[in-house]
Amino acid sequence: ACLLGNDLARQAAGPLQERTEGWIALVRLAALSLHSASDPAAFLERLCRELDSSMNRYLLEEILLRQAPFVQEVLMRTAILDTFCTELCAATIGEDVPAENVQAALDWLESTHVFLVPLNEQQQWYHLHPLFKQLLEQCLQEHMSQEEIIALHRRASTWYAAQGLLKAAIEHTLAAGD
């Protein structure tokens, strides 16, 4: 509130909280961008639709690119998954990345609290912070061919079907265009 002024802070609070899921660094970046925006209302509207370039740049440069290459690879290739466990990640990625690297990447991300959110107490299932997932999906589109992305969806679909999770299997089958 001090940074933006009371009226602007009240106007921005709801959309910023929703868009960033309360992640304080992104709230601060959004607040700084909002403070310097020539049209705060337009900025807030755009913020609700897409990542602000400063947030995107921060996530890319300060978070993703600072990870070990194998961690980056695991993150990018699992961006197609809404929720995941080690076995699903390994099956989706395929043999390009060894299963022990998948587990090591997830362990590292969990221990460093890098946008990996455990979904159960046993910490077997996770999801990524939505803004980070969105960035990873963009990176995936830029760095992999459509055929490679289709192969990821097919492998995910096969894993889900083998587990009897037919809804998720069908979603990935459709995403693969099958």
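Every value quoted in this text rests on a predicted model; they were computed, and no experiment measured them. Residue numbers count from 1 along this sequence.
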Mind checking the [atom1]-[atom2] spacing from [X] to [Y]? Nearest 0.5 Å is all I need.
X    : Y    : atom1 : atom2 : result
Q103 : L106 : CD    : CG    : 6.0 Å
E137 : C139 : CD    : SG    : 10.5 Å
E171 : L165 : CD    : CG    : 10.5 Å
H127 : L81  : NE2   : CG    : 13.0 Å
I93  : F70  : CD1   : CZ    : 11.0 Å
Q67  : M76  : CD    : CE    : 13.0 Å

Checklist entry - Would you say R77's side chain and T92's backbone share a donor-acceptor pair under 3.5 angstrom? => result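 No, because the side chain of R77 does not come within donor-acceptor range (under 3.5 Å) of the backbone of T92.
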
Next on the checklist: Working note: T173 + H153, criterion side chain to side chain contact (heavy atoms under 4.5 Å, CB included); need CA distance, chi angles, decisive distance, verdict.
Outcome noted: CA-CA 7 Å; T173 296; H153 282 291; over 6 Å; no

Are [X] and [Y] side-chain neighbours, meaning at least one heavy-atom pair lies under 4.5 Å?
X    : Y    : value
K133 : D82  : yes
Q138 : Q134 : yes
T78  : L136 : no
Q124 : L119 : no
Y160 : L166 : no
L152 : M144 : yes

Next on the checklist: Evaluate C85 against W159 for side chain to side chain contact (heavy atoms under 4.5 Å, CB included), listing each step before the verdict.
Outcome noted: CA-CA 11 Å; C85 62; W159 186 89; 3.9 Å; yes

Closest heavy-atom contact between [X] and [Y]?
X    : Y    : result
I80  : H172 : O-CE1, 3.3 Å
V102 : C89  : CG1-CB, 3.5 Å
S157 : A169 : OG-O, 2.9 Å

Item to check | Cluster overlap I170 with F84, hydrophobic side-chain contacts below 4.5 Å | outcome: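 Per the 4.5 Å side-chain linkage, I170 and F84 are not co-clustered.
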
Item to check | Neighbour count above 12 (heavy atom, 6.0 Å) for E100 CD | outcome: yes

Next on the checklist: Given L128, which partner from the list T83, L75, L109 fulfils the side chain to side chain contact (heavy atoms under 4.5 Å, CB included) test?
Outcome noted: L75

Checklist entry - Does the side chain to side chain contact (heavy atoms under 4.5 Å, CB included) test come out yes or no for L88 and Q163, once each step is laid out? => result CA-CA 10 Å; L88 174 57; Q163 306 307 311; over 6 Å; no

